[in-house]
Amino acid sequence: MANHIIISLSLVALSFGILAFAFEPSPLQDFCVADSTSSARVNGLVCKHPASVVADDFFFSGLHVPGNTSNPNGSRVTPVTVAQLPGLNSLGISLVRVDYAPWGINPPHTHPRATEILTVIEGSLQVGFVTSNPDNNLITRTINKGDVFVFPMGLVHFQRNVGTGNAVAIAALSSQNPGVITIANTVFGSNPSVSGDILAKAFQVDKSVVDQLQTKF
């Protein structure tokens, strides 16, 4: 009886192993252009029929246009994700242009679904990211035109223009829809608001400080 149980368990384990190895991470067709008109819900976007695909599905124009940095952060991100370029659907990549006014910042944020690799096109940037708990080490340096820096997936990171004029960077991200969580907006600008008592205790400040910050987001 014991031998039968062992054999049965072995067969079950083998079956699960076969199912696990059956996962196919690579694309199964030439492309899967996003069909934004479909109401179907999948992990990504539904594919257009190949017969209806056109060259414009793989085309985006506009990264030559400077972003408007007239805002409190002094920066502007121009994204090219699957929302702007349907041909990116299922390809696991996207792009952004970031413009910075003098001393402008791209504030601390994370991309929950992507690693980011950034190259400076004009100017000089201080860049950095913070490692996860419990160490929370700051990894930072200044990079200049032509330099490249990578931000690992999920880690809080930032950029600041430390040059004398405007700065421009181009970044690639390892997801068609990398997402962005800006720390200050998320913590102090949630809807509905996180309780001021919770934030005051978390940041170890008086609740009046939290109340003031929440009015700004």
Side-chain angles (χ1 to χ4, degrees), residues 59-85 87-88 91-190 199 202-203 205 209 212-217:
F59 173 78
F60 175 88
S61 179
L63 287 191
H64 63 292
V65 179
N68 183 358
T69 58
S70 298
N71 56 66
N73 289 325
S75 70
R76 177 68 63 187
V77 176
T78 303
V80 188
T81 68
V82 70
Q84 293 79 34
L85 184 55
L88 289 177
L91 298 184
I93 194 169
S94 58
L95 197 70
V96 299
R97 168 179 172 143
V98 192
D99 289 272
Y100 312 81
W103 293 102
I105 65 167
N106 190 5
H109 63 281
T110 72
H111 301 293
R113 295 180 289 275
T115 293
E116 174 182 348
I117 185 167
L118 177 143
T119 185
V120 179
I121 305 301
E122 292 292 343
S124 299
L125 298 175
Q126 179 194 5
V127 299
F129 63 87
V130 180
T131 64
S132 55
N133 297 350
D135 295 331
N136 302 127
N137 289 329
L138 173 62
I139 309 295
T140 183
R141 66 163 295 156
T142 297
I143 60 175
N144 303 300
K145 183 176 180 178
D147 292 343
V148 176
F149 197 83
V150 65
F151 305 105
M153 182 185 297
L155 296 187
V156 176
H157 59 281
F158 63 89
Q159 303 105 42
R160 178 174 64 167
N161 182 0
V162 293
T164 58
N166 295 332
V168 182
I170 297 289
L173 300 107
S174 61
S175 171
Q176 68 183 46
N177 182 25
V180 60
I181 301 172
T182 306
I183 306 305
N185 299 56
T186 302
V187 173
F188 297 109
S190 66
L199 296 180
F203 286 91
V205 297
V209 176
Q212 182 183 12
L213 288 169
Q214 287 181 321
T215 65
K216 297 180 181 297
F217 296 95

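If you're wondering where the values come from, they're calculated on a predicted model, not measured in any experiment. Numbers here simply count residues along the sequence, with the first being 1.
- Within the 4.5 Å cutoff, side-chain heavy atoms of Thr140 are placed close to those of Phe158.
- Atom OG1 of residue Thr131 and atom CG of residue Asn136 lie 6.0 Å apart, to the nearest 0.5 angstrom.
- Across His109 and Gln159, no two heavy atoms sit closer than the pair CE1-NE2, 4.3 Å.
- Considering only heavy atoms from C-beta on, Val187 comes within 4.5 Å of Phe203 through its side chain.
- Asn68 places a side-chain N or O within donor-acceptor distance of the main-chain N or O of Ser70, the cut-off being under 3.5 Å.
- Side-chain atoms of Thr110 and Ile183, non-hydrogen and from C-beta on, do get closer than 4.5 Å to each other.
- Judged as a side chain to side chain donor-acceptor pair (under 3.5 Å), the pairs with a partner in residues 161-190 (not counting sequence neighbours) are, in order, Asn89-Gln176.
- Side-chain N or O atoms of His157 include none that pairs as donor or acceptor with a backbone N or O of Gly128 at under 3.5 Å.
- Side-chain contact between Phe151 and Ile117 is absent, with no heavy atoms from C-beta onward closer than 4.5 Å.
- Looking only at side-chain heavy atoms (C-beta outward), Leu118 and Leu125 come within less than 4.5 Å of each other.
- For the side chain to side chain contact (heavy atoms under 4.5 Å, CB included) with Ser94, the qualifying choice from Leu85, Leu173, Val82 is Leu173, the only one to do so.
- Expressed to the nearest 0.5 Å, how far CD of Glu122 lies from NZ of Lys145 amounts to 4.0 Å.
- A 4.5 Å side-chain heavy-atom check between Leu155 and Ile139 finds every atom pair outside the cut-off.
- Of the candidates Thr119, Val120, Ile143, Val148 forms a side chain to side chain contact (heavy atoms under 4.5 Å, CB included) with just one, namely Thr119.
- The shortest heavy-atom contact between Pro79 and Val96 is CA-CG1, 3.8 Å.
- Between Tyr100 and Asn106, the shortest heavy-atom distance links the atoms CE2-CB, 4.0 Å.
- Between Thr142 atom OG1 and Asp147 atom CG the span is 10.0 Å, to the nearest 0.5 Å.
- Identified under the side chain to side chain donor-acceptor pair (under 3.5 Å) test for residues 72-85, with sequence neighbours left out: Thr81-Gln84.
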